[in-house]
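Below is one structure, written out as structure tokens; the observations come after it.
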Amino acid sequence: MAYNHQEIEKKWQERWERGGVFHAPDFGDKPKFYCLIEFPYPSGAGLHIGHPRSYTALDVVSRKRRHQGYNVLYPIGWDAFGLPTENYAIKTGRKPQDITRENTDTFRRQLKSLGLSFDWSREVNTTDPEYYKWTQWMFLEFFKAGLAYKTKQPINWCLSCKIGLANEEVVNGKCERCGGDTQKRDKEQWMIAITKYADRLLEDLDTVDYMEKIKVQQRNWIGKSEGAEIDFQVPPLPEGGLGGVGGRPQSGVVTVFTTRPDTIFGATFLVVSPEVAQKWIDVGWNASEQVREYVAVSLKREEIDRTAEGKEKTGVDTGVVAINPANGKEIPVWVADYVLGGYGTGSIMAVPAHDERDFEFAKKFELAVVTVIQPEPLQVMIHQDIGISNAMQSDVRIVSDCFVGDGLMVNSGEFNGMKSEEAKWEIVEKVGARRSVKYKLRDWVFSRQRYWGEPIPLVWCDNCPPVIASEAKQSSDEMIASSPSAPRNDERKKGSWIPVPVEQLPVVLPDVDKYEPTDTGESPLAAITDWVNTTCPTCGGPAKRETDTMPNWAGSSWYFLRYVDAHNNQAFASTEALKYWMPVDLYNGGMEHTTLHLLYSRFWHKFLFDRGHVFEPEPYKRRHSHGLILAQDGTKMSKSKGNVVNPDEIVRDYGADSLRMYILFMGPFEEPVPWSLNGLIGVRRFLDKVERYVQRWVDRQESDKSEEYDGLVEPYLYKVSNDIESFKFNTAVSSFMSLFKELTAEVVDRNEPSNFIERYVSQVTLKKILTVLGPFAPHLANECWEKIGENGIVEEQAWPEFDASLLVQDEVEMGVQVNGKARATIRLSPMADEATAKKLATADAKVQKHLEGKEIVKIIYVPGRILNIVVK
RNA sequence: GCCGCGGUGGCGGAAUUGGUAGACGCGCAGGACUCAAAAUCCUGUAUGGGCAACCAUGUGAGGGUUCGAUUCCCUCCCGCGGCACCA
């Protein structure tokens, strides 16, 4: 290896630090650019090789922007609350605070060794009481706004983490973190009403520049459906009637939600979820033994079983008969677990002719199927005309004999012949239904019964009245009504939750002896009685602290706001700093955070916006995501497989510049790419080549250097510059390699320097090259900068302007085709006219050979691109 | 099942308002330098045929549009990611 990377990397890192080169001053004349990476969770394993992928890419952008004259904020911090640390604390008996300090020290050292241009003066740590003071303050803002409420409801409980999970954290019934089984448990939980923001979270996606894929995922997750709630009359039952269905305590009514009111004439039965049936039983419905058993069994089963059984549907006839409000017909009411208790009203009208699930159910239990929508004849005809035999399946979507598309109404009384889309809302009116919008998004389960999180800053006082008039929750989440046991706040004994006053924040995590969570689901904090027992800030009487802590996502929902004013102790950030730096101009992170962190933080930010604490409706202007770095064999890196690459070793053996540039070079930024040590070594060879070239350049006399190569260099640098903007870092690096291939073509005898046929560019051009190389290999670029006798550092240089006249070459090589096949190349000006091109082409022996004895019928000429001679 | 993305040499991957397919890197082969090795440099490297110039084929499969298709259209196969009985 030609240069001593250990020496020069240390040297330049120290210079940068001494000079405060990457410190972002608040305010100033320059335009600002806020570049953000997802701050890491400092795990005990140290930095993963995947981390630098994101950090290096945005480091390149940040550095380029500084060259371009922007005041760039590129900050870093630690998302340090979390289970792995806590579990390690349990195992070793050590304090999580101490473990976190050690881990962040390691991460800091590792990140600094990569030469990333972070502004370290703004480092934040979510576990620092000075930080979580504001997380707690924000929670109280939610509380005061009525968006944080405590309720008992079934939540996802991870059996191995012993922790309640948000819906977003459960993947196929398994814990997102540990992969262990989850089960439903009824627990008192703090919730945050994110559903109130569902519409805005959805609509405002149109105002931001995210990768389309990310937007799609967010839209799916929010899952907005527009439809109607329709009441079906059922005879009031002697035992007490059907109450509380769909949140409306209206006797003798079953309310369903549907997005297809136009199919109501085809509704041949109703299906209620086991949850709803249970509710009926609770209010005194004398259900049959069979129904009771079915409901009991269904509710006991985990959700995963309910779906894992696949398509085979089960259900029982309740014996209840409902009236279809469209046609007055009597239809049976069934209970079946394919209807979910937690969505819509927990009950549906089944239209087997136009819904696959209902169709399947009807088939199995031999229930009536009535067709009320027909594909429009025109569509069918078109497909017949062009002879596509299976046209119906592909275009008009007739699936397994049931048609789910829009079409013309039949068997629908006065609506016959109408287009279904048009009849939809007229029918809603006719049957006295209500338009209704539903979301898949649920409120955010915000409590964790663990130690290592922000304490929720509330105390329970038995004597005080609630400070919040209404704990406003019902409207946000009507679906809760269909869950079996959602107690109302007023059912509780007197007393209420009192916020800890701002001047008493932060509520600091007390020391405990044992960090273990309990099987009963109580936080270890509950055992610290002298912490739990406190005085009520309102009345001064005895009170008890909330012992739940906040989820990991809390601190990470607003950390980008803290960076803009990281040491402020009057507010989470000053208005001036927020107005200057926000929004984030470019945000990069993992694909895995698109439905969790990204949604939560957008919501959190919108809430702060509504409260007047921040001044932008969306926190991130542009969002990118990077792909995983896989192990050499294409599988995921994991400790257990022993295929993990240690960044420290790479930096030690090959240097940070090699690692940075290789990570950018290895493949398209958004895609997963396998690691290759040989690939890394190849990049190191390139950097050595650059260093040797510069050394020889220095050794040569001025007369050997020429401006004639300036035009050669320009297009390569121009491409690099553009590729940075479009996140095509891999081709940017390729472009550098091609450039140096051009510059360093050598003849064989290395001992005879005069034999090098090398292109020594002018000093001005070499400086340009080093400036553009700077963001990729900043240490080497600076070392070379110094070597060529320049003062200062690369970081101070302006980004080169590209001379358009140099980008257009006088002569290009252009392909000549005969009948579309490449036969020769000619050199000519891209401005040349067709006659010139034709003359040159037909002069070529190879072209002549293919023209021989043929007649030219046509010539296609695209200047600079192609000349195609068509012959017969 | 639905939605999204993708399928190009031995490998990672370039190239799409349609215009010389395989840039750049890795690997491999041969050569130079060396007592030798390492390092470095040079040459070659899609496939088949030929000593060669060259010819033919070739971007998952099959069809189509076009002077010309990796790129556009249709049908199908495979892989990855997300959602998954959301009415």
Side-chain angles (χ1 to χ4, degrees), chain A residues 1-2 171-172 212-213 216-217 219-221 223-225 227 256-260 263 271 306-307 309-311 313 336-340 342-345 347-351 354-358 360-361 386 388 390 394 399-400 438-441 479 591-592 594-595 627 634 662 665-668 670-683 685-686 688-689 692 728 730-731 733-739 741 744-751 756 813-826 846 849 857-862 864-871:
Chain A
M1 279 181 260
V171 179
N172 287 334
E212 196 50 36
K213 193 175 175 179
V216 169
Q217 274 193 42
R219 285 193 194 106
N220 286 345
W221 193 264
K224 182 176 182 171
S225 293
V256 305
F257 173 72
T258 179
T259 55
R260 293 294 303 272
T263 63
V271 187
R306 262 167 85 161
T307 53
E309 280 172 25
K311 299 287 169 199
K313 292 197 165 37
D337 67 6
Y338 82 92
V339 173
L340 305 176
Y343 183 79
T345 60
S347 310
I348 62 153
M349 63 176 205
V351 186
H354 305 291
D355 180 283
E356 289 182 60
R357 297 152 301 186
D358 299 342
E360 205 181 310
F361 193 79
I386 56 173
I388 298 175
N390 55 359
S394 60
V399 185
S400 51
K438 300 288 177 193
Y439 301 91
K440 289 189 209 175
L441 186 70
M479 59 193 79
M591 212 59 219
E592 70 276 20
T594 41
T595 46
Y662 171 61
F665 178 61
M666 62 201 302
E670 322 74 51
E671 244 133 272
V673 214
W675 173 262
S676 156
L677 184 60
N678 277 328
L680 177 107
I681 292 170
V683 169
R685 280 205 276 261
F686 162 72
D688 283 335
K689 192 177 193 168
R692 277 196 306 267
K728 289 161 79 179
N730 54 332
T731 52
V733 176
S734 298
S735 184
F736 266 122
M737 290 172 167
S738 304
L739 169 62
K741 236 178 153 168
T744 64
E746 298 174 27
V747 294
V748 193
D749 187 357
R750 294 188 49 76
N751 295 326
F756 284 108
E813 195 167 79
M814 196 185 78
V816 178
Q817 299 179 333
V818 178
N819 282 351
K821 293 203 184 211
R823 294 302 179 187
T825 59
I826 54 176
K846 282 175 252 171
K849 195 175 139 198
V857 293
K858 195 174 179 185
I859 288 187
I860 287 102
Y861 176 55
V862 184
R865 298 287 189 131
I866 201 79
L867 180 79
N868 189 11
I869 304 173
V870 186
V871 296

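Only a predicted model underlies this, so the values are computations on that prediction, with no experimental measurement involved. Residue numbering restarts at 1 for every chain, and letters A, B, ... go by the order of the sequence lines.
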Sticking with atom P, work out how far B:U45 lies from B:G10, rounded to a whole angstrom. 15 Å
State the NZ-OG1 distance between A:Lys224 and A:Thr259, to the nearest 0.5 angstrom. 13.5 Å
Mind checking whether A:Glu670 and A:Lys213 have side chains closer than 4.5 Å, heavy atoms only? no
Nearest whole Å is fine: how far is B:C67 P from A:Lys858 NZ? 5 Å
So A:Val683 and A:Met737, do their side chains get closer than 4.5 Å, heavy atoms only? yes
With a 6.0 Å cut-off (strictly less than), is the heavy-atom count around CZ of A:Arg219, excluding the residue itself, greater than 12? yes
Closest approach to the side chain of A:Lys440, judged atom by atom: which nucleotide of B:C83, B:G13, B:C85 is it? B:C83
Starting at atom CG of A:Asp688, determine the distance to atom C1' of B:A38, rounded to an integer number of angstrom. 14 Å
Provide, to the nearest angstrom, the distance between the CG atom belonging to A:Asp355 and the C1' atom belonging to B:G1. 13 Å
Comparing A:Met666 with A:Thr258, nearest RNA chain B nucleotide closer to 5' gives the residue A:Met666
Quick check on B:G10: syn or anti? Syn means the glycosidic torsion is within 90 degrees of zero. anti
What integer distance in Å separates A:Trp221:CH2 from B:C2:C1'? 16 Å
Looking at CE of A:Met349 and OG1 of A:Thr263, how far apart are the two atoms once the value is rounded to the nearest 0.5 Å? 3.5 Å
With rounding to the nearest 0.5 Å, note down the distance linking CD1 in A:Ile826 to CD in A:Glu813. 10.0 Å
Please work out the stems of RNA chain B from pairs that are Watson-Crick or G-U wobble with both distances under 3.5 Å, keeping only runs of three or more consecutive pairs. B:1-7 with B:77-83, B:10-12 with B:24-26, B:27-32 with B:40-45, B:46-49 with B:54-57, B:60-64 with B:72-76
Same-atom distance (C1') from B:A14 to B:G82, integer angstrom: 28 Å
Rounded C1' spacing from B:C76 to B:U66 in Å: 23 Å
Tabulated below should be each protein N or O lying under 3.5 Å from an N or O of nucleotides 55-58 of chain B; please produce it.
unit_1 : atom_1 : unit_2   : atom_2 : d
B:C55  : OP1    : A:His850 : NE2    : 2.8
B:A56  : OP2    : A:Arg823 : NH1    : 3.1
B:U57  : OP2    : A:Lys821 : NZ     : 2.9

Sugar-phosphate atoms are those with a prime plus P, OP1 and OP2; base atoms are the rest. Using that split, label each nucleotide of nucleotides 17-29 of chain B B, S or - for protein heavy atoms under 4.0 Å, 5' to 3'. --BB--BBSSS--
Could you give the CE-to-P distance, from A:Met349 to B:C85, as a whole number of Å? 20 Å
Can you tell me how far P in B:U71 sits from the matching atom in B:G60, rounded to whole Å? 8 Å
For A:Lys213 and B:C5, is the shortest distance between a side-chain N/O and OP1 or OP2 below 4.0 Å? no
Nearest 0.5 Å, please: how far is NZ in A:Lys741 from OG in A:Ser734? 11.0 Å
Figure out the CD/P separation between A:Gln217 and B:G4, and round it to whole Å. 13 Å
Spacing of A:Asp355 atom CG and A:Ile348 atom CD1 [to the nearest 0.5 Å]: 6.5 Å
B:U57 versus B:U8 - spacing of their C1' atoms, nearest Å: 15 Å
Roughly how many Å apart are B:C77 and B:G18, using the C1' atom of each and rounding to a whole number? 26 Å
What's the spacing between A:Arg823 CZ and A:Lys849 NZ if we round to 0.5 Å? 8.0 Å
Which heavy-atom pair separates A:Arg692 from A:Ala2 by the least distance, and what is that distance? NH1-CB, 4.0 Å
Please confirm whether the backbone N or O of A:Ser676 pairs with a side-chain atom of A:Tyr662, one donor and one acceptor, at under 3.5 Å? yes
Check the distance between B:A84's C1' and A:Glu356's CD and give it to me in whole angstrom. 13 Å
Between A:Tyr338 and A:Phe361, what is the ring plane arrangement, given parallel below 30°, perpendicular above 60°, and tilted in between? tilted
Do the side chain of A:Ser735 and the main chain of A:Thr731 share a donor and acceptor less than 3.5 angstrom apart? no
If the P atom of B:G81 is compared with that of B:C73, how far apart are they to the nearest Å? 26 Å
Say we look at B:C72 and B:G7: how far apart would their P atoms be, to the nearest angstrom? 11 Å
Protein-nucleotide distance (A:Trp675, atom CH2; B:G13, atom P), rounded to Å: 15 Å
